[in-house]
2 protein chains.
Amino acid sequence: MTEHYHHADLPRRLRTVTRAVVEEEGSAAVTIARIARECGVSVAAPYRHFAGKEALLGAVAADGFDALREALTAADGATPTERLVAAGVAYVDFATTHPHLFELMFRAERRERQSAAGPPALEALATLVNDVPLRVPTDVAVRTTWGLAHGLAMLRIGGMLTFTREDTAERLRAELTALVEGIAPDR
Amino acid sequence: MTEHYHHADLPRRLRTVTRAVVEEEGSAAVTIARIARECGVSVAAPYRHFAGKEALLGAVAADGFDALREALTAADGATPTERLVAAGVAYVDFATTHPHLFELMFRAERRERQSAAGPPALEALATLVNDVPLRVPTDVAVRTTWGLAHGLAMLRIGGMLTFTREDTAERLRAELTALVEGIAPDR
DNA sequence: ACCTGAACACCGTTCAAGT
DNA sequence: ACCTGAACACCGTTCAAGT
């Protein structure tokens with residue numbers, strides 16, 4: 001049959017295998033040769049489905065933004081403020097759970113692709129901000145919230161902020177709440 | 001003489017040339033072969049002074065942290081709060097002015113080296129926070145301030161936050177002030 | 001001590017040729 | 001249409017040999 005020639009949904013397998021390598025060893029470990037090898041296919045085969053290495057990594061990054069959006073929309077809480085804080089915690093948790101994927105998603109070199117992929121993920125955050133009573137313009141609140149969550153996430157996966165295992169969520173909650181209470185009209 | 005053999009302070013020249021390539025084209029464009037070529041030296045020569053490519057990039061990143069620290073300590077203002085906000089603006093300005101260098105400095109892969117280089121740069125921020133009257137623990141305030149500045153910087157150089165040319169500093173000031181006023185005991 | 005030249009294994013990408 | 005095999009230019013790193 002076609003067992004060694006046609007491979008079932010190679011594009012999908014390439015993305016899956018690449019994502020696994022990224023998550024385990026980081027995007028620097030991704031090599032077209034290696035991915036092809038692990039898919040049991042020739043080095044030239046991936047080029048039928050992706051323009052090159054960067055395009056393949058771009059597809060994996062896009063999958064990452066989908067996963068992030070899902071994690072953010074799943075965040076819940078009793079009040080609007082608590083829901084916003086929960087989303088912030090989910091944001092940082094996502095980065096902590098998938099550090100290499102997260103870094104790939106926000107690599108500055110992929111500017112163009114990202115400015116398209118980012119906003120959808122941001123929408124969940126913007127929606128939550130809208131429900132919180134504000135004393136600053138909405139866009140300032142959105143940027144500030146996203147900025148803080150993103151900065152804490154980045155510094156953390158970079159090893160610049162060290163959290164002990166126990167107080168992670170609580171500490172995060174305190175930091176995010178400090179911000180929200182600064183934004184809200186009455187503390 | 002020794003014109004084509006000994007080169008004046010090769011280690012220094014390697015760092016300088018590497019930093020220039022990083023700033024102009026990003027760290028992905030750095031190649032031992034290219035750096036050696038631009039220094040007029042054989043491909044093997046850099047290995048006498050740096051363990052490898054990562055070590056060379058690490059030295060450039062360390063230089064970057066020095067520059068960042070200087071930019072932060074130069075920030076000034078009339079009140080403690082204004083000084084802190086000015087440092088935050090300086091932080092984001094540094095990232096905007098040296099996007100590729102900044103990204104290299106905070107690459108997650110270089111974890112170990114950074115957790116040593118980061119804190120000194122952070123100290124300037126921590127000192128400024130100490131002068132501001134707080135209603136939250138100092139370490140929470142430091143992390144929150146650094147986190148917000150870092151997140152805005154990262155999102156901005158990644159093209160996720162777009163600032164028009166005019167309102168940059170003012171907008172930043174508004175965002176940082178919103179945070180500080182949330183931290184301070186009386187607004 | 002510092003540098004060169006040559007070598008090795010590896011990678012990204014292309015392309016004619018196969019099915 | 002999808003894949004292979006072979007090729008090209010390039011890179012990181014090492015090492016014996018030169019001064």
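It should be emphasised that the depicted structure is a prediction, and the values quoted were computed from it without experimental measurement.
We find that OH of B/Tyr47 is positioned 4 Å from C1' of D/dG12, with the value rounded to whole Å. For the pair A/Lys53 NZ and C/dC10 C1', the computed distance is 12 Å after rounding to whole Å. Residue B/Asp9 contributes atom CG, which lies 15 Å from atom C1' of C/dA1 at whole-angstrom precision. One interatomic measurement links the two molecules: CD of B/Glu54 to C1' of D/dG12, which rounds to 11 Å at whole-angstrom precision. B/Ile35 places its CD1 atom 16 Å from the C1' atom of D/dT13, with the value rounded to the nearest Å. C/dG12 atom P lies 13 Å from atom CG of A/Leu14, rounded to whole Å. Atom C1' of nucleotide D/dT13 and atom CZ of B/Phe50 are separated by 16 Å, given to the nearest angstrom. What separates CD1 of A/Ile32 from P of D/dC3 is a distance of 14 Å, to the nearest Å.
At a threshold of 4.0 angstrom between heavy atoms, the contacts of B/Ser42 include nucleobase atoms, whether or not backbone atoms are also involved. Looking at heavy-atom distances under 4.0 Å, B/Ala45 makes contact with a base.
Checking C/dT13, D/dC3, D/dG12 against every side-chain atom of A/Leu10, the shortest atom distance belongs to D/dC3.
Within the 4.0 Å cut-off from OP1 or OP2 of D/dC11, at least one side-chain nitrogen or oxygen of B/Arg37 is found.
Ion pairing between a basic and an acidic side chain is recognised when a charged N comes within 4.0 Å of a carboxylate O; A/Asp63 and A/Arg15 show such pairing. For the pair B/Arg34 and B/Glu38, the salt-bridge criterion is met [side-chain N within less than 4.0 Å of a carboxylate O].
Along DNA chain C, the nucleotide closest to A/Val30 and the one closest to A/Arg48 are compared, and the more 5′ of them pairs with A/Val30. Each of A/Ala44 and B/His49 was assigned the nucleotide of DNA chain C with the nearest heavy atom; the assignment lying further toward the 5' end belongs to B/His49.
The nucleotide C/dG5 finds its pairing partner in D/dC15, both defining distances of the Watson-Crick or G-U wobble pair being shorter than 3.5 Å.
Taking A/Phe102 as the reference, A/Tyr91, A/Phe106, A/His150 meet the ring pair (Phe, Tyr, Trp, His ring centres under 6.0 Å) condition, with sequence neighbours excluded.
A donor-acceptor contact closer than 3.5 angstrom is absent between the side chains of B/Glu25 and B/His100.
Hydrophobic clustering places A/Val85 together with A/Leu134 (ILVMFWY residues linked when any side-chain heavy atoms are closer than 4.5 Å, directly or through intermediates).
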